Structure formats: C-alpha cells, structure tokens
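What you see is a predicted model, and the numbers here were worked out from it, not measured in a lab.
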Amino acid sequence: MKMTSAQAAKQLRRLSDQLSTLAAKEKSTSTFLASVGEDEESLRPEYDYAASQKQQAELETRIRRLRHAINIFNTTTVIPGFGITIDEMLVFLPQLTDRVKKFSTMKDALPKVREERNFMRGSSIIDYRYANYDIRQAEADYQAAADELARAQTALDVVNNTVEFDFKF
C-alpha cells in the first residue's frame, strides 16, 4: 500500500485510538464486582482474555511497523531546496523557531532604556541598559529567519502531503 507521511500519521493515530479503546474495554470488563449472595454469572461481563490479548498484540505490531516505516521515510527522504532529510528538518524547525523568537526580542529592544530596579534601592543613581548590537541588523536577521522558517515548514508540508512510500501491514 502506498501512502504519504500525512496519511501514515492519520493511520497511526487511528490505530493508537483503537488500541486505547481495546485497553479501556479490557479494563472495564476483565474484572467485576459482586456482592455476597448475588449471582456472579448474571453479573459477569463478556470478556475473552485470549482474544483481547491477541487483538492488542496485532494492533501493537501494526503500530510498530507503521512507525518504523515512517522513521525510514523520514531518515531517507531529502527535502528539496534544503538538502536535508525530514528527520533533520524536524530538528531544524525548532532551532529556527527559537532563532525567530530570539531575534524578535532583540529587534524590539530600545537602543537605551532606563533600568527600573534601581528605584527600589533608594539610590539616586540612574542606570541605563544599552543595546550592544545593531537593532536594524537584528530586525533584518529576524525577517530572514522568519522567512526561512516559513519556507522550511512549507517544504516539509509539501513532502509530507505528496511523496508516497510503500507500506505493508
């Protein structure tokens, strides 16, 4: 079966939901309470231990195989325009996001700002904090990093939604 990474992620979510449902059903039916004098058999919920374990093991195997196929796809598929694999891109995106946040703070700084904490000391000395960098350069770097982040996210989305890989359950 051929599928894209986006389709595989949806399939993985569906399988994980099925496994959670089976586990919840097992938890609610594998034991039961009966008071002294009650007919236990009339209260016993329907539960097949062997079938339940088999179903869960089959789903776990399918999940494991699908995750493995996604991992192989991510470590071997190169993102056009970036020359790095999806796996590397998944590390690069948070790095770019952090860079954008840092530059955002730096570009919004004032060249000179009065330090407020000195007023609490009761001192008559006024301290100023100075930007020790070119704020215009920080703004340009912010814009470049934000543009690169958008381009990288779009490139990853395109690959995840268009490039197919083979998978067999």
inquiry  = For Ser30, give me all partners under side chain to side chain donor-acceptor pair (under 3.5 Å), at least two apart in sequence or on another chain.
reply    = none
remark   = For Thr77, the side chain to side chain donor-acceptor pair (under 3.5 Å) test, sequence neighbours excluded, returns none
Partners meeting side-chain contact (heavy atoms from CB on, under 4.5 Å) with [X] (sequence neighbours left out):
| X | value |
| --- | --- |
| Thr75 | Asp87 |
| Asp147 | Gln143 |
| Arg14 | Gln11, Gln18 |
| Ile72 | His68, Thr76 |

ask   = Is it true that atom CD of Glu40 has more than 12 heavy atoms of other residues, nucleotides or ligands lying nearer than 6.0 Å?
value = no
query = Which residue pairs satisfy the salt bridge (charged side-chain N to carboxylate O under 4.0 Å, His left out) criterion with at least one member in residues 159-169, sequence neighbours excluded?
reply = Lys2-Asp166
ask   = Which residues satisfy the ring-ring contact (aromatic ring centres under 6.0 Å, His included) test with Phe92, sequence neighbours excluded?
value = none
request  = Please identify each residue that fulfils ring-ring contact (aromatic ring centres under 6.0 Å, His included) with Phe82, with sequence neighbours left out.
outcome  = none
Pairs flagged by side-chain hydrogen bond (donor to acceptor under 3.5 Å, both in side chains) wherever residues 97-109 is involved - sequence neighbours left out = none
ask   = Which pairs count as side-chain hydrogen bond (donor to acceptor under 3.5 Å, both in side chains) when at least one residue sits in residues 148-161, sequence neighbours excluded?
value = Ser5-Asn160
Donor-acceptor contacts, no H, no angles, side chain residues 41-52, under 3.5 Å, sequence neighbours left out:
unit_1: Glu41; atom_1: OE1; unit_2: Arg44; atom_2: NE; d: 3.1
unit_1: Glu41; atom_1: OE2; unit_2: Arg44; atom_2: NE; d: 3.3
unit_1: Glu41; atom_1: OE2; unit_2: Arg44; atom_2: NH2; d: 2.8
unit_1: Ser42; atom_1: OG; unit_2: Asp39; atom_2: O; d: 2.8
unit_1: Tyr47; atom_1: OH; unit_2: Glu26; atom_2: OE2; d: 2.8
unit_1: Asp48; atom_1: OD1; unit_2: Ala50; atom_2: N; d: 3.2
unit_1: Asp48; atom_1: OD1; unit_2: Ala51; atom_2: N; d: 3.2
unit_1: Ser52; atom_1: OG; unit_2: Glu26; atom_2: OE2; d: 3.3
unit_1: Ser52; atom_1: OG; unit_2: Gln56; atom_2: NE2; d: 3.2

